[in-house]
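Only one structure is covered here, and it is reproduced in the block below.
As the structure lists them, so they are numbered: ligands from 1, and atoms in each ligand from 1.
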Amino acid sequence: MKEYPFSKGLEDVPAAESVLTYIDGQEGKLYYLGIPIEEWAENSTYEEVALSLLLRRLPTKGELKVFDAALRSSRDLPEEVIDFIYDLPPQTHPMSALRSVVSLLESYDEDARRDDLDAKFRIALRLIAKFPTIVAYFDRVRKNLDIVRPNPSLSHAENFLYMLTGKIPTKYESKVMDVALILHADHEMNASTFASMVVASTLSDMYSAIVAGIGALKGPLHGGANEAVLKMFDEIGSVDNVEKYIEESLAQKKKIMGFGHRVYKAYDPRARILKKFAEELSKESKYYEIAVKVEEYMMKKVAQKGIFPNVDFYSGIVYNALGISTDLFTPIFAISRVAGWAAHVLEYLEDNRIFRPSSIYKGELDKKYIPIDQR
Ligand code: ACO
C-alpha cells in the first residue's frame, strides 16, 4: 500500500492558498489583509472589515457606502421564515436555530440557484445582514418577547444590540460589540472555515457552505468554548477555589476552557483587546476576578508549554456585562465569522479543486463474508 505522510487533525497541513488572514502563532500576531488586528480594532468598523475580506482589499468610500446601505436594507427576514422561528421549540440551541433558519432562507433566494461568483457575493452580503436578525428574533421569541424589527438608521453592531434588547445601546456598548465582531471576522484555516470550504468545493451552494460553518463552529473545542468558559467560572464559584480547580483539572487532564490554541503558542492578540473591555465593563464582577486569577495561575502552570488565554477567555465576560445570554455567545461569533467563511469560499472558488483527502486504512483485507446466522 502507498505510504502517505499523516498528520492527525490535519495539523500543519496547508489546505489552500489565501491572502485574507495571517497568524504568527509564535509571536501572537494576527493580520487581516496584512494589516494588524489592533489597527482594525482601533480604526475600522465591522462593515468595513466584512467588505474588505469579501473584496480582498480595502474598499473605497463609495464602495463601503453602497455595501453598508445594502446591509441595512437586507436585514429583515421573509415573514414565512419569521413564522418558522416562532414554531421552533424554545429549548432549541440558538446555534441550531441559526443553522436551521439559514438552511430555510435558501428557498427564498433566487441567487441560490445561480452559480456565478457575483450571485455568491450577494448571498454573502445578505447572510452577513441577516445573521444578527435571526439570532435576535429567536432569542426574543423563546423569551416570549415581541421581536424588534431592524432599525436602518443604526450600524450593524448597534442594530444587533437594539434588536436583542429593544433599547438603543450607548456609543460605548456599540463600540465594544463592533470591536468584538471585528476580532472574530476571520481566522485563517480554522475548523469552521475549512468545513465551509469543503462544502463549497463540491460546487454545492453558498447556503450549504455557510450551514456547514455554523455546524462546525458550534462545538466546544471551537466557537462553543466561550460559553464553556462562563460555565467553568460558575463551577469554580469563587476566587479562593481557582487554584484547587485548576490543579484538579490538570491532574485529570481536563482542559481549562478559553486556554490553548492550535496555532497561537503566545498570548492571543484578540484576548488582549477583549481583556481591556472586560476590565472596563466588569472590573468589580465575580467573573472578572475569577478570570484574572485563572489567568495568573495558568501562566505559572502551563505558559511554558505555549498555552495562553485565547479569544474566548474574555469574550464571554464582555458579552455577559452587556446583558447577553450565555448561549448567544457562539451565535455572536457566527454573526461575525460569516464574513470570513464567505470570503474564503469566494477566494477558493476562483480556482476550485474539490477537497478529497485520504485516510490510512488500518483494517484487514480479503476477509470472508460470514452469513448473519453464523456470526
Ligand atoms: N488546558 C489545559 N491543558 C491544555 C489546554 C487547556 N485549555 N489546551 C492544551 N492543553 C495541553 C494538553 O493537555 C496537552 O498536554 P500534554 O502535551 O501534556 O498532553 C498539550 O497542551 C497539547 O494539547 P492539544 O489538545 O494537543 O492541543 P491542540 O493544539 O490540539 O488543541 C485546543 C487546541 C483544541 C484549542 C485546546 O487547547 C483546547 O481544547 N482548549 C480548550 C477549549 C478552547 O478554549 N477552545 C477555543 C479555541 S479558540 C477558538 O476556536 C476560537
Exercise. Compute the shortest N/O to N/O distance between F259 and ligand 1 and return yes if it is under 3.5 Å, no if not.
Key: yes

Quiz item: Counting both backbone and side chain atoms, is some N or O of M257 under 3.5 Å from an N or O of ligand 1?
Solution: no

When you measure from [atom] to every protein heavy atom, which one gives the shortest distance, and what is it?
{"atom": "atom 19 (O) of ligand 1", "result": "K253 NZ, 3.3 Å"}
{"atom": "atom 14 (C) of ligand 1", "result": "K305 NZ, 4.4 Å"}
{"atom": "atom 1 (N) of ligand 1", "result": "I256 N, 2.9 Å"}
{"atom": "atom 48 (S) of ligand 1", "result": "H261 CD2, 3.6 Å"}
{"atom": "atom 47 (C) of ligand 1", "result": "N310 ND2, 3.6 Å"}
{"atom": "atom 3 (N) of ligand 1", "result": "I307 CD1, 4.0 Å"}
{"atom": "atom 33 (C) of ligand 1", "result": "R262 N, 3.7 Å"}
{"atom": "atom 38 (C) of ligand 1", "result": "K255 CD, 3.7 Å"}

Evaluate the 4.0 Å heavy atom contact test for [atom]: does a protein atom fall under the cut-off?
{"atom": "atom 41 (C) of ligand 1", "answer": "yes"}
{"atom": "atom 12 (C) of ligand 1", "answer": "yes"}
{"atom": "atom 44 (O) of ligand 1", "answer": "yes"}

Quiz prompt | Derivation of the side-chain hydrogen bond (donor to acceptor under 3.5 Å, both in side chains) call for D111 and Y207 | solution = CA-CA 10 Å; D111 276 332; Y207 282 88; over 6 Å; no

Atom indices of ligand 1 within 4.0 angstrom of [X] heavy atoms, with elements:
{"X": "L221", "value": "39 (O), 45 (N), 46 (C), 47 (C), 50 (O)"}
{"X": "L250", "value": "2 (C)"}
{"X": "D312", "value": "46 (C), 48 (S), 49 (C), 51 (C)"}
{"X": "F333", "value": "51 (C)"}
{"X": "V311", "value": "51 (C)"}
{"X": "A225", "value": "43 (C), 44 (O), 45 (N), 46 (C)"}
{"X": "G258", "value": "43 (C), 44 (O)"}

Practice problem: Going by the salt bridge (charged side-chain N to carboxylate O under 4.0 Å, His left out) test, name the single residue among K301, K300, K293 that passes it with E243. | Solution: K293

Exercise. Consider ligand 1: state whether an atom of it lies below 4.0 angstrom from any non-hydrogen atom of V229.
Key: no

Quiz item: Are F355 and Y348 near enough that their ring centres are under 6.0 Å apart?
Solution: yes

Quiz item: What about H187 and Y264, are their ring centers closer than 6.0 Å?
Solution: yes

Quiz prompt | Any side-chain heavy-atom pair of S174 and K171 under 4.5 Å | solution = no

Quiz item: Does M298 reach the side chain of F313, with side-chain heavy atoms less than 4.5 Å apart?
Solution: no

Exercise. Measure the CE-CH2 distance between M206 and W341 for me, rounded to the nearest 0.5 Å.
Key: 11.5 Å

Any side-chain donor paired with an acceptor under 3.5 Å for [X] and [Y]?
{"X": "N320", "Y": "T326", "result": "no"}
{"X": "D205", "Y": "S208", "result": "yes"}
{"X": "H344", "Y": "S196", "result": "no"}

Practice problem: For K244 and E248, run salt bridge (Lys or Arg N to Asp or Glu O under 4.0 Å): C-alpha distance rounded to whole Å, both residues' side-chain angles, the deciding distance at 0.1 Å, then the answer. | Solution: CA-CA 6 Å; K244 182 166 168 273; E248 283 174 6; 3.7 Å; yes

Quiz item: Salt-bridged, E280 to K276, with N to O below 4.0 Å?
Solution: yes

Quiz item: Cationic tip of R375 within the cone over Y369's six-membered ring, i.e. under 6.0 Å and within 45° of the normal?
Solution: yes

